[in-house]
Student: 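Please see the structure below; I have some questions.
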Amino acid sequence: MKMIYKPQEYRIKDERMKPFIDESEIWEILDTAQPTKENVRAVIQKSLAKNRLSMQETALLLKTEDPELIEEIKAGARTLKEKVYGDRIVIFAPLYVGNKCVNNCTYCGFRASNKKQKRTTLNEVQLRSEVKSLEDNGQKRLILVYGEHPMYDAEFIADSVRTVYSVKSGSGEIRRVNINAAPLDIEGFEKVKEAAIGTYQIFQETYHREAYAKYHLSGQKSDFDWRLTGLDRAQEALIDDVGIGALFGLYDWKYEVLGLLRHVNHFEACYNVGPHTISFPRIKAASDSTIDPAYEVSDDDFIRLVAILRLAVPYTGLILTARETKELREEVIKLGVSQIDAGTNIQLGGYSEKNHEEQKLDHEQFEIGDTRSLGEVIDELLDKQYLPSFCTACYRKGRTGEHFMEFSVPGFIKRFCTQNAILTLAEYLEDYATPNQKEKGYKLIDIKIEELNKKDSLKVAPLLERLEKVKAGERD
Ligand code: SAM
Ligand code: SF4
């Protein structure tokens with residue numbers, strides 16, 4: 001289902017599949033932004049009324065240095081999260097399928113010139129074993145990750161997606177498979193779509209051409225425009241759930257936030273639908289790699305940038321990964337993150353080895369900051385009264401753009417999301433939780449049902465009925 005957005009300022013300028021980033025335009029917007037108490041507060045209010053911000057308005061937030069106003073921006077993001085997304089946090093896990101790579105991205109442990117990296121491509125048996133381990137843990141949503149290599153063509157990616165869906169163990173099954181891989185041509189995207197993928201994610205890394213050239217030394221990925229227009233080709237292949245991202249630490253973070261926003265504008269202008277998710281990875285240590293610290297993003301700035309992104313695009317899902325530490329994740333989740341990975345292990349074959357503690361940089365892409373198990377993350381979310389969700393109902397019912405729907409369709413969250421989150425949490429509690437966690441989880445479910453009851457008592461009876469079915473062993 002495609003939703004209609006108000007035309008943005010770029011409708012006339014953009015043509016599909018044409019590069020659309022103009023560095024001087026972004027710098028001019030940043031250079032001319034003059035934040036005052038009045039205009040910054042007005043922009044926050046505009047966002048709290050669930051309106052998309054323009055690049056000029058977002059630049060006012062980015063240029064704000066007054067500590068009091070920065071606190072107001074963060075408070076605005078927290079309020080917006082509560083208003084739009086409630087306390088659900090969608091859980092997923094990354095699964096690395098192969099780390100061969102022909103590109104040379106200087107920040108990445110998988111780059112072709114890194115002879116220290118142990119190269120592995122999971123064969124079908126190994127892939128099945130990884131998926132089984134993930135299912136045995138309670139995971140329902142995966143993102144498959146690949147290096148860029150002729151071996152990992154569209155057919156290979158589609159085959160691995162089909163393999164993942166086919167693994168069923170006990171009550172476990174993977175219900176949504178997303179992809180993080182190199183951009184394909186339109187035909188390739190069509191092949192991958194046929195395998196019923198969820199979201200196709202491609203991060204631009206940096207929206208600044210010159211900086212991009214400095215970090216992407218060779219291989220197909222060194223072509224800035226091929227990368228930039230990758231998700232347009234996905235759209236042409238009718239993959240309308242796409243995820244964008246920038247790798248923070250390569251170039252000026254304020255510039256990158258506007259680059260991301262410009263990318264959102266482009267999608268809205270050309271396809272009438274924004275990206276499904278935005279990711280904002282920060283550079284982490286990687287095997288045999290050193291990064292110029294000139295653009296390093298501090299924790300404080302990272303927190304600010306997530307808050308600003310939340311306000312700028314109120315309807316888009318924000319993904320926070322285990323690259324960040326437990327402590328920072330706790331802080332940033334409050335500001336409007338809607339999805340996190342949990343129980344993450346990015347070593348090739350790492351889930352079957354059940355090796356969560358020890359990280360070996362020569363066997364993985366970069367160092368992660370949060371190595372907790374899925375159970376530990378769920379425990380903490382429950383303690384903080386978040387509702388961990390393994391929900392895939394929208395996708396399974398053909399409702400694409402789930403985050404946009406949550407935001408835009410009145411009552412959607414109450415009608416679908418909260419209920420599906422409760423039911424998928426109950427499935428997890430029944431099938432995977434410890435007795436203590438089960439008790440805690442059902443207590444939270446009772447609280448959430450009581451809240452629903454106050455808002456819309458008619459919805460509660462059918463929900464309780466479905467909950468009883470879950471307890472009796474019925475699964476989605
Ligand atoms: N090879 C494909 C590509 O480059 O698009 C697939 C994804 S790559 C394995 C996943 C993402 O990891 C990259 O897009 C990049 O943003 C991020 N990444 C690479 N090196 C990193 C590092 N040292 N720290 C944090 N993130 C990193
Ligand atoms: Fe290869 Fe992706 Fe790493 Fe670049 S970021 S070296 S393309 S795996």
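If you read the sequence from its start, that first residue is 1, and numbering goes on from there. Counting starts at 1 for both ligands and their atoms, following the listed order.
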Student: Below a 4.0 angstrom heavy-atom separation, can you tell me which part of Y107, side chain or backbone, both or neither, approaches ligand 1?
Tutor: both
Student: Considering only non-hydrogen protein atoms, determine which one is nearest to atom 24 (N) of ligand 1 and report residue, atom name and distance to 0.1 Å.
Tutor: K284 N, 2.9 Å
Student: Which of the numbered atoms in ligand 1 are below 4.0 angstrom from a heavy atom of G147?
Tutor: 1 (N)
Student: Do you know which of Q339, R176, R141 makes side-chain hydrogen bond (donor to acceptor under 3.5 Å, both in side chains) with T199?
Tutor: R176
Student: When you check the gap from the basic side-chain N to the acidic O, do R209 and D22 get nearer than 4.0 Å?
Tutor: no
Student: Give the atoms of ligand 1, by number and element, whose distance to some non-hydrogen atom of C108 is under 4.0 Å.
Tutor: 20 (N)
Student: Identify the protein heavy atom lying closest to atom 21 (C) of ligand 1, giving its residue, its atom name and the separation to 0.1 Å.
Tutor: F366 CD2, 3.5 Å
Student: Under 4.0 Å from any heavy atom of A286, which atoms of ligand 1 are there?
Tutor: 23 (N)
Student: Under 4.0 angstrom from ligand 1, any heavy atom of K221?
Tutor: yes
Student: Between the side chains of E427 and T424, does any donor sit under 3.5 Å from an acceptor?
Tutor: no
Student: Looking at R227, which atoms of ligand 1 are within less than 4.0 Å of one of its heavy atoms?
Tutor: 3 (C), 4 (O), 5 (O), 14 (O)
Student: Keeping waters out of it, list the protein N, O or S atoms under 2.8 Å from atom 4 (Fe) of ligand 2.
Tutor: C105 SG
Student: Using heavy atoms and a threshold below 4.0 Å, how should the contact between C101 and ligand 1 be classified: side chain, backbone, both, or neither?
Tutor: neither
Student: What I want to find out is whether D31 reaches K63 closely enough, with some N-O distance under 4.0 Å, to be called a salt bridge.
Tutor: no
Student: Enumerate the atoms of ligand 1 whose separation from the nearest heavy atom of R282 is less than 4.0 angstrom.
Tutor: 24 (N), 25 (C)
Student: Any idea which protein heavy atom is nearest atom 7 (C) of ligand 1, and the distance to it?
Tutor: N180 OD1, 2.9 Å
Student: I'd like to know if D223 pairs up with R227 as an ion pair, taking the criterion as any Lys NZ or Arg NE/NH1/NH2 lying under 4.0 Å from an Asp or Glu carboxylate oxygen.
Tutor: no
Student: Give me the nearest non-hydrogen protein atom to atom 25 (C) of ligand 1 as residue plus atom name, then the distance to 0.1 Å.
Tutor: R323 NE, 3.2 Å
Student: Please determine, by modelled atom types, if S218 and N104 share a side-chain donor-acceptor pair under 3.5 angstrom.
Tutor: yes
Student: Which of the atoms of ligand 1 are close to V145, meaning less than 4.0 Å from one of its heavy atoms?
Tutor: 9 (C)
Student: Nearest to atom 14 (O) of ligand 1, what protein heavy atom do you find, and at what distance?
Tutor: E205 OE2, 2.6 Å
Student: In terms of side-chain geometry, is the basic nitrogen of K384 or E330 positioned less than 4.0 Å from the acidic oxygen of its partner?
Tutor: yes
Student: Between K221 and E148, is the closest basic N to carboxylate O distance under 4.0 Å?
Tutor: no
Student: Can you give me the closest heavy-atom contact between V192 and A158, atom names plus distance?
Tutor: CA-CB, 4.3 Å
Student: Starting from atom 8 (S) of ligand 1, which protein heavy atom do you reach first, and at what distance in Å?
Tutor: Q365 NE2, 3.3 Å
Student: Does the ring centre of Y207 sit less than 6.0 Å away from the ring centre of Y255?
Tutor: no
Student: What are the atoms of ligand 1, with element, lying closer than 4.0 Å to any heavy atom of I283?
Tutor: 24 (N), 25 (C)
Student: Any chance you could measure N123, atom CG, to R128, atom CZ, to the nearest 0.5 Å?
Tutor: 11.0 Å
Student: Y295 and ring pair (Phe, Tyr, Trp, His ring centres under 6.0 Å): which partner among Y107, Y251, Y215, F248?
Tutor: Y251
Student: Kindly say whether the aromatic ring centers of F20 and H263 come within a distance under 6.0 Å.
Tutor: yes
Student: Determine, using heavy atoms of I202 and all atoms of ligand 1, whether some pair is separated by less than 4.0 Å.
Tutor: no
Student: Would R16 and E236 pass as an ion pair if we require N to O under 4.0 Å?
Tutor: yes
Student: Is it true that atom CD of E65 has more than 12 heavy atoms of other residues, nucleotides or ligands lying nearer than 6.0 Å?
Tutor: yes
Student: Among all protein heavy atoms in this structure, tell me which lies nearest to atom 6 (C) of ligand 1, with the distance rounded to 0.1 Å.
Tutor: Y146 O, 3.1 Å
